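Here the structure comes first, spelled out in structure tokens, and everything after it is commentary.
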Amino acid sequence: MSFPLLTATAALPAVGAIATAAVPAARRTAAKWLALVVSLATLVLAGIVAARFEPGGARYQFTESHAWIRDFGVRYELGVDGIAVALVALTALLIPFVLLAGWHDADPLETGSPRWRPTQGFFALILAVEAMVIISFEATDVFVFYIFFEAMLIPMYFLIGGFGDRAHEHGEEAASTQRSYAAVKFLLYNLVGGLIMLAAVIGLYTQTGSFSLTEIVQARASGSLHMATGTERWLFLGFFFAFAVKAPLWPLHTWLPNAMGEATAPVAVLITAVVDKVGTFAMLRFCLQLFPEASAWATPVILVLALISVLYGALLAVGQRDIKRLVAYASISHFGFIVLGIFAMTSQGQSGATLYMVNHGISTAALMLVAGFLISRRGSRLIADYGGVQKVAPVLAGTFLIGGLATLSLPGLAPFVSEFLVLVGTFERHLVIGVIATFGIVLAALYTLVLYQRTMTGPVKAEVARMPDLRVRELLVVAPLIALLIFLGVYPKPLTDIVDPAVKQTMSDVHQKDPQPKVEAAK
């Protein structure tokens, strides 16, 4: 293509972030509308990419390649396969809802607030994260990917630490301390992972003489690239560690509950529904394609870690008193399912994992944003402070229920399809792990239904008796997400048609074939 569509899709929110930050402080509303318009324009570009993508065509499409740092062999290379197209579309889809949901989250608490341009900064940082996430999905040069993989930590740090949740049981001073702790913990965990990955990136270049994913994969396929077994395994571990922190996978997950708990609900959605997907996506794109032998070698251990994440996250979600931390631990469980599907080494498992990334993003956004609307009304994140909400705000309660049912993968809603495929793919090769993983579904039903029962049913508590129902802006946020959950739950074919060819090519890269079904001969 003569027009750099992929660059434009990532550059538009980046330019929008700069323009939003430059809006005069007195014109907060103008900054909000500018950010929203930019996010909608980005969604249009992402829609064009998805519409023009040919599932049966070349593996990487809309490719761009330009020399960048010639002395080190770094090229500005972009390209998308079906997996990347799905995740770029998810990112572009969710950002407008994140902006709408956080419309008033960064408004000054009082006239003459000492914070410098809080509203403009909040919206600009969200657009900056969108730009960096999109280009991370598009990059086919390992060095380019690494730069934006790390760079997105900076705006996320300020979003968590500078624009945290105002609902805190111990007051503003304690809330500020907790926000700072959560932001620093998020940054340190991910920086350590990134530094280890940087060493692996340099090691990869010394072994291959290239940062280009396509060149390295082609060299492997042609037999012209041979890497010592021990070297490949160490490099794989360097990449995988960074991605496991970002994902997050047990036991590298502990930053997530703090970050999601202290962030505003829209920023919590940005963390788990958008940013964390870069980690699981990179496992598919880089770990499996660059290090096929090491991926097979590490699979048994990774499957065990994924299984622990599934059960551990679900068990801790059951015991939570804080609504947002409950959703955070539920997400850890869901990411366990995603990693399980990736390393099951079956086409069903990897297709399910990719669909899970998309569907989890939509379902978590729906549940967390409605929870954020609920918390903003009551001023508390504690489950015990609610009761009887469905009698005073039935629409809020109904959307909260649908988001919760999607989280537990109810048949007819989008996450069910992806979770079913992951389990089918796991059962084909790893029966025992698949059987144990199904207990995560039971626990999901427990923590979701108990959450709904304690907050929405029972006697109406005095503090929620005058709680207003969802407003027009809030309905504009929630209704499309609910509609998508139902549509993709009934008709997932648009996603599977795009994703399946890319999954088959990834399976070929790691020299894996689906097990043949065992059928007994008729007597």
Side-chain angles (χ1 to χ4, degrees), residues 1-17 38-39 41-55 57-70 72-93 95 127-152 197 201 204-205 208 210-219 239 243 246 274-275 277-290 354 357 498-499 501-502 505-506 509:
M1 290 185 61
S2 58
F3 179 74
L5 187 57
L6 297 186
T7 294
T9 306
L12 181 58
V15 173
V38 168
S39 69
T42 305
L43 177 58
V44 170
L45 288 178
I48 293 172
V49 171
R52 299 186 65 172
F53 183 82
E54 299 177 6
R59 180 172 192 173
Y60 293 106
Q61 299 179 29
F62 312 106
T63 54
E64 303 173 32
S65 181
H66 307 282
W68 186 16
I69 311 175
R70 295 180 184 274
F72 296 99
V74 179
R75 297 184 63 82
Y76 176 76
E77 287 190 351
L78 305 181
V80 288
D81 60 3
I83 298 169
V85 166
L87 292 173
V88 168
L90 171 70
T91 302
L93 173 71
I95 295 302
L127 289 179
V129 172
E130 178 182 22
M132 294 174 188
V133 169
I134 287 176
I135 205 166
S136 296
F137 290 140
E138 296 173 345
T140 55
D141 183 280
V142 177
F143 193 80
V144 172
F145 170 82
Y146 170 77
I147 289 174
F148 291 99
F149 180 82
E150 286 291 273
M152 69 180 71
M197 180 184 168
V201 168
L204 178 69
Y205 180 75
T208 64
S210 174
F211 289 112
S212 172
L213 174 66
T214 54
E215 287 182 7
I216 296 172
V217 172
Q218 288 171 2
F239 277 79
F243 303 152
K246 184 84 79 179
V274 177
V275 171
K277 298 300 187 301
V278 178
T280 47
F281 163 80
M283 292 179 190
L284 275 168
R285 172 165 279 189
F286 296 105
C287 285
L288 298 189
Q289 293 185 43
L290 292 174
T354 305
M357 288 187 244
I498 292 176
V499 165
Q505 290 168 325
T506 303
D509 290 336

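Predicted model, so just to flag it, every value in this text is computed and none were measured.
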Nearest atoms (heavy-atom pairs only) where T9 meets E138:
CB-OE2, 3.9 Å

Do T214 and S212 get their side chains close enough for a donor-acceptor pair, meaning under 3.5 Å?
yes

Hey, are the side chains of V201 and F239 touching, using non-hydrogen atoms and a 4.5 Å cut-off?
yes

Any side-chain heavy atom of E77 sitting closer than 4.5 Å to one from V144?
no

State the NZ-CD distance between K246 and E150, to the nearest 0.5 angstrom.
6.5 Å

Is the centre of the F281 ring less than 6.0 Å from the centre of the F243 ring?
no

Please give me the minimum heavy-atom distance between Q505 and R59, naming the atom from each residue.
OE1-CG, 3.2 Å

Find the distance between CZ (R75) and NE2 (H66) and round it off to the nearest 0.5 Å.
8.5 Å

CZ-CG distance between R52 and L5, expressed to the nearest 0.5 angstrom:
7.0 Å

Would you say V49 and V88 make side-chain contact, with heavy atoms under 4.5 Å?
no

Shortest non-hydrogen separation from T7 to Y76 and the atoms involved:
OG1-OH, 2.7 Å

Does the side chain of L204 reach to within under 4.5 Å of the side chain of I216, using non-hydrogen atoms?
yes

Looking at CZ of F286 and OH of Y146, how far apart are the two atoms once the value is rounded to the nearest 0.5 Å?
13.5 Å

Is V278 close to M152 at the side-chain level, that is, under 4.5 Å between some pair of heavy atoms?
yes

If you round to the nearest 0.5 Å, how far is CG of L45 from CG of L12?
6.0 Å

Would V142 and L290 count as a side-chain contact (heavy atoms from CB on, under 4.5 Å) here? Give the steps.
CA-CA 10 Å; V142 177; L290 292 174; 4.2 Å; yes

Under 3.5 Å: donor-acceptor pair, side chain of E64, backbone of L6:
yes

Inspect the contact between R285 and D509 and indicate whether a charged nitrogen and a carboxylate oxygen are less than 4.0 angstrom apart.
no

Determine whether a donor-acceptor pair (N or O, by modelled atom type, separation under 3.5 Å) exists between the side chain of Q218 and the backbone of E215.
no

Give me the atom names and distance for the closest heavy-atom approach of F145 to S136.
CD1-O, 3.4 Å

A side-chain contact here means heavy atoms from C-beta on lying under 4.5 Å apart; do V85 and F137 qualify?
no

Angle class for the Y205/F211 ring planes (parallel below 30°, perpendicular above 60°, tilted otherwise)?
parallel

For D81 versus A84, what's the shortest heavy-atom pair and its separation?
OD1-N, 3.0 Å

Where E130 and A92 come nearest, the two heavy atoms and their spacing
OE2-CA, 3.7 Å

Between Y60 and V80, is a side-chain contact (heavy atoms from CB on, under 4.5 Å) present by the stated rule, with each step listed?
CA-CA 5 Å; Y60 293 106; V80 288; 5.9 Å; no

CD1/I135 to OG1/T91 distance, rounded to the nearest 0.5 angstrom?
13.0 Å

